[in-house]
Amino acid sequence: PAPSGPAAAALLQALGMHEVPRGVPTPRPVPPVMWRLFRRRDPREARAGYPLRPCHVEELGVAGNIVRHIPDSGLFSRPPGPTKTLGLCPKWTVTFNLSGVEPAEHPTRARLELRLEAENEDTHGWELSVALLAKHPGPELLRIPVAPGLLVRADLLGAAVAANASMPRTLRLALALHRGATTVCARLTEASLLLVTLDARLCPPPRLRR
Amino acid sequence: HSEPGVGGGPGGACRTRRLHVSFREVGWHRWVIAPRGFLANFCQGVCTLPEALQAPGGPPVLNHAVLHALMHAAAPTQGAGPPCCVPARLSPISVLFFDNSDNVVLRHYEDMVVDECGCR
């Protein structure tokens, strides 16, 4: 049985976690990017000769000591929507639960990752607009080119996520597809947020100049 | 799991002893994805002379621990006792796990593995 009482609390605190793990998590595949980042930080590989900088995520080139892969919590409840329409394509809302991020953690990278699917037609020139969603959609924050089947990435730091500020408990975004003349719509099949944060309390103090 | 002390007890010179931490042992194997455990190690051993001297190949010898050991050798029943056998070099680990919102989280922890012990 898991240690309980002060021993477990001390160990959790040492690991920077404040909630006792809740039983068995919902099994889901570990995203390849997380495996890659884990292996990159594996000390045995580090000993093999490319030194690791503390509190830095080499592969993403940013400061950080906590990386989270957060799936859209509304993905599986979204209706597929029409694949073809003369009118506007349906807009999508994606929601990311950030309640696990501590106030002391500051974001250094917030990368939205999406995958669209559509019937094979001319999808040249497609773009996707991203806006923050409160009660109503806010102004368009950024617009990115998209192509069905390909992983679309968009950096939200400084746009939908304020740098050097504590994170909100939930991040909701409104996505809209701008498809030009074609009547084809797309389906949003994957949506996740790759969030890198820095908890400076866990970082070694900077070395004093001698 | 830790190795039994050298010679059946915590004797011998100050050095690193194996200590393996298994997440299964503490019942966290369902939400810790990787690693399954890690070698944390610990320091144990005596820090009297000559053990308080650095291991061959270490830095120059004369430091506070040696003075401390000299004073202890001169007046074992008085003073502060021998130097302590403590971690001298540590390295980090990373842990991949599911948090309570089923997100996959990678956390990096400094100073989690004892690579070297020394008398201080």
Side-chain angles (χ1 to χ4, degrees), chain A residues 1-4 7-8 11-12 14-31 33-44 46-47 52 54-57 64-71 73 96-101 192-197 199 202-204, chain B residues 1-2 16-43 55 57 59-60 63-64 86-118 120:
Chain A
S4 56
L11 188 56
L12 272 175
L15 294 176
M17 299 174 207
H18 303 290
E19 281 179 300
V20 175
R22 180 199 70 240
V24 181
T26 312
R28 75 177 178 92
V30 176
V33 64
M34 296 302 282
W35 274 124
R36 214 173 39 247
L37 290 173
F38 171 74
R39 287 204 184 79
R40 182 70 181 81
R41 295 290 307 182
D42 184 334
R44 283 159 298 185
R47 283 198 187 87
L52 297 174
C55 292
H56 193 77
V57 183
N65 45 12
I66 304 164
V67 183
R68 290 185 177 82
H69 182 278
I70 305 167
S73 48
F96 300 113
N97 175 0
L98 306 177
S99 57
V101 180
S192 61
L193 180 69
L194 189 70
L195 177 67
V196 180
T197 59
D199 184 340
L202 302 175
C203 297
Chain B
H1 306 280
S2 59
T16 307
R17 315 296 174 139
R18 280 175 63 87
L19 173 67
H20 180 262
V21 174
S22 156
F23 288 126
R24 175 174 289 276
E25 293 286 333
V26 295
W28 291 359
H29 53 292
R30 287 196 180 71
W31 58 276
V32 174
I33 303 168
R36 301 238 173 260
F38 67 99
L39 264 180
N41 300 327
F42 66 98
C43 298
N63 59 33
H64 180 270
V86 292
R89 191 163 61 82
L90 293 143
S91 57
I93 70 164
S94 292
V95 178
L96 195 62
F97 60 91
F98 287 110
D99 69 6
N100 274 334
S101 309
D102 288 344
N103 302 322
V104 175
V105 182
L106 172 68
R107 279 193 86 130
H108 180 71
Y109 299 100
E110 290 295 331
D111 300 340
M112 288 287 273
V113 176
V114 174
D115 288 330
E116 271 181 30
C117 296
R120 294 290 182 275

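Residue numbers start from 1 in every chain, and the chains themselves are labelled A, B, ... in the order their sequence lines are given, proteins ahead of strands.
Listed options B:I33, B:L96, B:V95 were ranked by heavy-atom pairs under 4.5 angstrom with chain A; first place goes to B:L96.
In this structure, no portion of A:T197 lies under 4.5 Å from any heavy atom of chain B. With a threshold of 4.5 angstrom between heavy atoms, B:F38 does not approach chain A through any atom at all.
In this structure A:R36 satisfies the salt bridge (Lys or Arg N to Asp or Glu O under 4.0 Å) test together with A:E59, sequence neighbours excluded. In this structure B:E110 satisfies the salt bridge (Lys or Arg N to Asp or Glu O under 4.0 Å) test with no other residue, sequence neighbours excluded.
Annotation: the span from B:R30 atom CZ to B:R24 atom CZ amounts to 8.0 Å, rounded to 0.5 Å. With rounding to the nearest 0.5 angstrom, the CZ atom of A:F96 is 8.0 Å from the OG atom of A:S73.
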